[in-house]
Novice: 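Sharing a structure below in C-alpha cells format, with a few things to ask.
Hydrogens, waters and symmetry mates are skipped; everything else that's a heavy atom, side chains included, is used. Note that this is a predicted model, so its numbers are computed, not measured.
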Amino acid sequence: NWAVAGARTKSGKPLLANDPHVPLLPAPTFWHHVHLCCPAYDVQGGMYPGFPAFGFGHNARLGWGVTTAFRDAWDLFRIERLAGAASRYHTADGVGALTSHSEPLHKRFAKEDIIEWEQCEHGIVYPDWKHADGTDLALKYVDCDHVAHWDGHLALMAAQTPAELDAALAKINEGPFDFNVVHAHAEGRIGWHVVGRLPNRARDGLFVRNASDAGAQWRGYRPFADNPSLIQPECGFVATANSVVDATQHGRLGTWVHCEVDYRQKRVESWLGASTQHTLADMQRMQADVDSDFSRPLRDALCVLLAPYRQATPQLRDALQALEQWNGVFDSASVGACVFSLVRRTLPRVVFGKLLSEKLARRFAHGQRAIPRLDRLLLDELDPLRQLLLEKTEYPLAHWVGVAFENTVEKLSRQFGESVPRWRWGRIQTVRIATALAEVVPGATPFVALEAEFPGEANTLSPAVSMKSGECGLRVFNGASSRFIVDFATPSEAWFAHSCGPSADPETPFFRQQSEQWAKFRWFKSGLWSADQVPDVVERVIVRGSDLVELRAQDK
C-alpha cells in the first residue's frame, strides 16, 4: 500500500492505493466489496469476511489500506523447574509459579477428550513442547482487547479528520492483528502507522530465551504513540510492502528476519519518487507492474557463471541465450523469465543442501531468507560462502549453478518440449480460482471462476506467490486478491478489482463476474452512490423501512 501527497500528484490532491496479498483459493474472494450507507456511516471498500469492518476503504474524507506488519509478537521461553518442586520455576525476579489446567473437549457422538496444560507469566506450557536440551518451553504471545478493536473499526469508518483517524487506530491497536496502515486525507495529510500491540522488551524474541534472563522479559506493551509511524514525510509519500519501511524504527517492530526481502519496497519508493505528476493511471500501472529491476544484476551474475554453456548442446545454448536476452519482466510471453525463476528456485536446495544439515537446509530453502542470502552469494564474488562451498564440496559456485541450470532445462524439456521458445512464463505459471468443491472433486468445472496464465512473481509489485504444480509448473496461490485506488480529486469515488465475486454459487452473476477483468488488470469505478443511483445494475433489491415492517408482519 502507498499514499502520495498532493505535492507529487497532477491534481494536487492525495492518491492512495492498496492491494492486500492473501490466498486466492478457495473462492469466493477474501475481501467482500461493500458500500455501507446509514446515518452514522457512508463508507465503501473491502470488508473482512465474517467481520463487518473495512480492511481498506474510504469515506470521501479519509482513505486507508493495510498490509501485514510482521511484528515480533511471540516469544519462546525455557522453563527451568526447581528441583523437587515441579510447579515452580526460575524467573528473572526469583521464582515463579506454574498453574495446571484441565478442560473437557466435547466431540461428536458424545465423545470427550480431556486436554491439559500449564500456564505461567511466561505463557502457555504446551504438553510435549521441548527445547532441544529437553527443557519445557512456554509460548508467550500478545493478548488483545476485542471490544476496543471493534470500537476502533466503527470509529475508523466514521472518522472525518486526521485526529479522529489517529484515535480510531489507537483502539484498533488493541486488537489481535498487526497491520501497516497507510492513510490519506482529503485535505492533504498522508501517513503510515503500525497497528498492533508491541511487547516492551530489552532484547528481541528471535531466539528461545531463558525465563530467568532479565533482558528477555516483557514489561507490558509500548504505548500506541511509540509504534513506528511516519506523518507527512518530506519525500511526499509513504509505502509499505511487507518489508522494512523505516530502518530507524524497525527495531521496535521486529528483527530483520521478521519481514520479507525489500525488493518490492524499493521499487515502490523508486517509482513514487520519480515524479511529481502522479495520476490514477500511474497507480494502476504500479499495481499491474511485473518488472523486477532487482533481477537484472542477478541475471548478469548467473550468465557469467554459466558462460561455459555457450559451447554446450544447442538446447543449453538456446536456454542461456534466452536468459541473457531477458529484460527482467515477468510477462506471460517471456522465455527468459522461466529459466531465471526455475534456476533461482532450484539453487537454494542445491547450495544450502551442501552447507547445512538436511533438515535445516530443507527448512531454510523454503523460508523468507533463503532467496536474499542466495542473491548475495551470486552478486558478491568475495562472499565467504563461496569459499565454504568449495571447501565442503570441492566444487566452486559455478559448478552448482550449472547443476541447477541443467536440471531446469531438463525439466522444462520434459514438460514443454525441447523447443526453447515454447517455454513461456504463462505456460508455467497459471492462476486457478475455484470453490473448495472444485479443489477436491475432479471435473467440478462449473465451480471454477477462472483458469488463466498469470504474470509476475513473488517480488514484483503485482505479486504471484506460487506453489509447485506438476514437474515444473507453478500455480499462484497468494496474490493481490483485491485492488483499491482512491483519488481525492474525486473523493466520493474509488477504483477496485476483485479476483472473483462475493458468491460461491456459480449460478449467480456474482461468481465469475470480476475474475477475468481482475486477471487482465482492469478496474471498475464505484462511488458513494445511493442505491437507486448505481449505474449498470445487474441486480437491485431495495428494502425501505415501510417494506421492512410489512415483511416482519408476514414473517410473524
Novice: Is Arg296 salt-bridged to Asp291, cutoff N-O under 4.0 Å?
Specialist: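 Yes, Arg296 and Asp291 are salt-bridged.
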
Novice: Evaluate the ring planes of Phe179 and Phe177, with Trp represented by its six-membered ring, and classify them as parallel (under 30°), tilted (30 to 60°) or perpendicular (over 60°).
Specialist: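 Rings of Phe179 and Phe177: tilted, 30 to 60°.
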
Novice: Please answer whether the main-chain N or O of Val448 pairs with a side-chain N or O of Arg512 as donor and acceptor at a distance below 3.5 Å.
Specialist: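 Between the backbone of Val448 and the side chain of Arg512 there is a qualifying donor-acceptor contact (under 3.5 Å).
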
Novice: Side chains of Gln321 and Asp318: donor-acceptor distance under 3.5 Å anywhere?
Specialist: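 Checked: Gln321/Asp318 side chains show no N/O donor-acceptor pair below 3.5 Å.
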
Novice: Got a second to check how far Ser515's OG is from Ile433's CD1, nearest 0.5 Å?
Specialist: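 Reported to 0.5 Å precision, the distance equals 5.0 Å.
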
Novice: Give a yes or no on whether a salt bridge exists between Glu174 and Arg197, defined as a side-chain N under 4.0 angstrom from a carboxylate O.
Specialist: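 Judged by the 4.0 Å cut-off on N to carboxylate O distance, Glu174 and Arg197 do form a salt bridge.
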
Novice: Is the shortest heavy-atom distance from the side chain of Arg252 to the side chain of Arg222 under 4.5 Å?
Specialist: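 Side-chain contact under 4.5 Å: yes.
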
Novice: Between Glu451 and Thr430, is any side-chain donor less than 3.5 angstrom from a side-chain acceptor?
Specialist: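 No pair is found: no donor N or O on one side chain lies under 3.5 Å from an acceptor on the other.
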
Novice: Side-chain contact test, heavy atoms from C-beta onward, threshold under 4.5 Å: evaluate it for Asp19 versus Ser482 and give yes or no.
Specialist: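 No, every pair of side-chain atoms sits at 4.5 Å or beyond.
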
Novice: Minimum heavy-atom separation for Asp42 and Asn59, please, with both atom names.
Specialist: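 Scanning both residues completely, I find the closest heavy atoms to be O-CB, 3.3 Å.
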
Novice: State which residues pass ring-ring contact (aromatic ring centres under 6.0 Å, His included) with Phe454; sequence neighbours excluded, sorted by chain then number.
Specialist: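 Phe454: ring-ring contact (aromatic ring centres under 6.0 Å, His included) contacts with Trp518.
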
Novice: Taking the basic N atoms (NZ, or NE/NH1/NH2) and the acidic carboxylate oxygens, is any pair closer than 4.0 Å for Lys13 and Asp487?
Specialist: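 Asp487 and Lys13: not salt-bridged.
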
Novice: For Glu516 and Arg522, what are the C-alpha separation, side-chain angles and deciding distance, and is it a salt bridge (charged side-chain N to carboxylate O under 4.0 Å, His left out)?
Specialist: CA-CA 9 Å; Glu516 185 176 347; Arg522 295 175 182 170; over 6 Å; no

Novice: Flag yes if more than 12 heavy atoms outside Gln533 fall under 6.0 Å of its CD atom; otherwise flag no.
Specialist: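 Yes.
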
Novice: Is a side-chain donor-acceptor pair under 3.5 Å present for Asp246 with Thr248?
Specialist: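 Result is yes, a qualifying pair exists.
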
Novice: In sequence, state the C-alpha distance, the side-chain angles, and the governing distance for Asp532 and Ser530, and then conclude on side-chain hydrogen bond (donor to acceptor under 3.5 Å, both in side chains).
Specialist: CA-CA 6 Å; Asp532 54 1; Ser530 63; 2.7 Å; yes

Novice: Do we get Arg422 above Phe416's six-membered ring, with its NZ or CZ under 6.0 Å from the centre and within 45° of the axis?
Specialist: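 No, Arg422 and Phe416 do not form such a contact.
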
Novice: Given side chains that start at C-beta, do those of Pro52 and Trp150 come closer than 4.5 Å, heavy atoms only?
Specialist: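 A side-chain contact exists here, since the closest heavy-atom pair is under 4.5 Å.
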
Novice: With the threshold set at 4.0 Å, does a side-chain nitrogen-carboxylate oxygen contact exist between Glu439 and Arg475?
Specialist: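 Salt bridge: yes.
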
Novice: How far apart are the closest heavy atoms of Leu154 and Tyr41, and which atoms are they?
Specialist: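 Smallest interatomic distance, heavy atoms only, reads O-CE2, 3.3 Å.
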
Novice: Quick one: are Val244 and Trp256 in side-chain contact, heavy atoms under 4.5 Å?
Specialist: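 Side chain of Val244 against side chain of Trp256, heavy atoms only: contact under 4.5 Å found.
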
Novice: Going by distance alone, is a donor N or O of one side chain under 3.5 Å from an acceptor N or O of the other, for Asn180 and Trp192?
Specialist: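 Short answer, yes.
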
Novice: Evaluate Arg189 against Asp166 for salt bridge (charged side-chain N to carboxylate O under 4.0 Å, His left out), listing each step before the verdict.
Specialist: CA-CA 12 Å; Arg189 192 182 95 160; Asp166 294 344; 2.8 Å; yes

Novice: With rounding to the nearest 0.5 Å, note down the distance linking CZ in Phe51 to NE2 in His146.
Specialist: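 Answer rounded to 0.5 Å: 9.5 Å.
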
Novice: Please determine which of Trp31, Phe30, Trp64 meets the ring-ring contact (aromatic ring centres under 6.0 Å, His included) test together with Phe56.
Specialist: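 Single ring-ring contact (aromatic ring centres under 6.0 Å, His included) partner of Phe56 among Trp31, Phe30, Trp64: Trp31.
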
Novice: Report the distance from atom CG of Asn459 to atom CZ of Phe294, rounding to the nearest 0.5 Å.
Specialist: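 Here the interatomic distance stands at 4.5 Å.
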
Novice: Quick check against the 3.5 Å criterion: does Asp145 have a side-chain atom that pairs as donor or acceptor with the backbone of Ala148?
Specialist: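 Yes.
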
Novice: Taking all non-hydrogen atoms of both residues into account, name the closest pair between Leu206 and His258 and its distance.
Specialist: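 Shortest heavy-atom contact: CD1-CE1, 4.2 Å.
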
Novice: Using the salt bridge (charged side-chain N to carboxylate O under 4.0 Å, His left out) rule, take Arg299 and Glu324 through it: C-alpha gap first, then chi angles, then the decisive distance, then the call.
Specialist: CA-CA 7 Å; Arg299 171 205 61 197; Glu324 291 172 330; over 6 Å; no

Novice: Would you say Thr68 and Asn242 are linked by a side-chain donor-acceptor pair, where the criterion is simply a distance under 3.5 Å?
Specialist: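 Side chains of Asn242 and Thr68: no pair found under 3.5 Å.
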
Novice: Under 3.5 Å, side-chain donor or acceptor atoms of residues 337-347 against the rest of the protein: list the pairs with distances, not counting sequence neighbours.
Specialist:
{"residue": "Arg344", "atom": "NE", "partner": "Asp375", "partner atom": "OD1", "Å": "3.2"}
{"residue": "Arg344", "atom": "NH2", "partner": "Asp375", "partner atom": "OD2", "Å": "2.9"}
{"residue": "Thr346", "atom": "OG1", "partner": "Leu342", "partner atom": "O", "Å": "2.7"}

Novice: Before giving the answer on ring-ring contact (aromatic ring centres under 6.0 Å, His included), spell out for Phe488 and His185 the whole-Å C-alpha distance, their side-chain angles and the decisive distance to 0.1 Å.
Specialist: CA-CA 8 Å; Phe488 280 96; His185 188 267; 7.5 Å; no

Novice: Hydrogens and angles aside, do Thr279 and Asp282 bring a side-chain donor and acceptor to less than 3.5 Å of each other?
Specialist: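 Present: a donor and an acceptor within the cut-off.
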
Novice: For His498 and His32: C-alpha separation, side-chain torsions, deciding distance, then whether ring-ring contact (aromatic ring centres under 6.0 Å, His included) applies.
Specialist: CA-CA 9 Å; His498 298 297; His32 292 264; 9.1 Å; no

Novice: Examine the side chains of Gln429 and Ser466 and answer whether a donor and an acceptor come within less than 3.5 Å of each other.
Specialist: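 A donor-acceptor contact under 3.5 Å links the two side chains.
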
Novice: So do the side chains of Asn18 and Arg483 get within less than 4.5 Å of each other, counting heavy atoms only?
Specialist: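 Sidechains of Arg483 and Asn18: no contact.
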
Novice: Are Arg61 and Glu187 ion-paired here, with the side-chain N under 4.0 Å from a carboxylate O?
Specialist: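 Yes.
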
Novice: Please round to the nearest 0.5 Å and tell me the distance separating atom NE2 of His183 and atom CG of Leu169.
Specialist: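 Answer for the NE2-CG pair, His183 versus Leu169, is 8.0 Å.
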
Novice: What's the verdict on salt bridge (charged side-chain N to carboxylate O under 4.0 Å, His left out) for Asp262 and Lys266, showing C-alpha distance, side-chain angles and the deciding distance?
Specialist: CA-CA 6 Å; Asp262 61 0; Lys266 287 181 176 178; 3.5 Å; yes

Novice: NE2 of His278 to CG of Leu272: how many Å apart, nearest 0.5 Å?
Specialist: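 If we round to the nearest 0.5 Å, His278:NE2 and Leu272:CG are 5.0 Å apart.
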
Novice: Under 3.5 Å, is there a donor-acceptor pair linking the side chains of Thr67 and Thr240?
Specialist: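 Short answer, yes.
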
Novice: How close do Ala73 and Pro199 get, counting heavy atoms only, and between which atoms?
Specialist: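 For Ala73 and Pro199, the tightest heavy-atom pair comes out as CA-CG, 4.4 Å.
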
Novice: How far apart are the closest heavy atoms of Ala504 and Thr435, and which atoms are they?
Specialist: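 Ala504 and Thr435 have their closest heavy atoms at O-CG2, 3.8 Å.
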
Novice: Going by heavy atoms in the side chains, are Leu528 and His35 under 4.5 Å from each other?
Specialist: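 Yes, close enough: below the 4.5 Å cut-off.
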
Novice: Identify all side-chain donor-acceptor contacts of residues 223-234 below 3.5 Å with residues at least two apart in sequence or on another chain.
Specialist:
{"residue": "Asn227", "atom": "ND2", "partner": "Asn173", "partner atom": "OD1", "Å": "3.0"}
{"residue": "Asn227", "atom": "ND2", "partner": "Val194", "partner atom": "O", "Å": "2.9"}
{"residue": "Asn227", "atom": "ND2", "partner": "Gly196", "partner atom": "O", "Å": "3.4"}
{"residue": "Gln232", "atom": "OE1", "partner": "Ile190", "partner atom": "N", "Å": "2.9"}

Novice: Treating Ser295 as the side-chain partner and Ser292 as the backbone partner, does any N or O pair qualify as donor plus acceptor under 3.5 Å?
Specialist: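 Between the backbone of Ser292 and the side chain of Ser295 there is a qualifying donor-acceptor contact (under 3.5 Å).
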
Novice: Specify the closest pair of heavy atoms between Trp2 and Val268, including all atoms of both residues, with the distance to one decimal.
Specialist: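 For Trp2 and Val268, the tightest heavy-atom pair comes out as CE3-CG1, 4.1 Å.
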
Novice: Look at the aromatic rings of Phe330 and Trp326 and report parallel, tilted or perpendicular, splitting at 30° and 60°.
Specialist: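 Phe330 and Trp326: perpendicular rings.
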
Novice: Can you find a heavy atom in the side chain of Leu412 that is under 4.5 Å from one in the side chain of Trp423?
Specialist: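 Result yes, sub-4.5 Å side-chain heavy-atom pair found.
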
Novice: Under the ring-ring contact (aromatic ring centres under 6.0 Å, His included) test against His33, which residue among Phe510, Trp495, Trp523, Phe496 passes?
Specialist: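 Passing option: Phe496.
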
Novice: Nearest 0.5 angstrom please: Met157 CE to Leu36 CG, how far?
Specialist: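 Reported to 0.5 Å precision, the distance equals 6.0 Å.
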
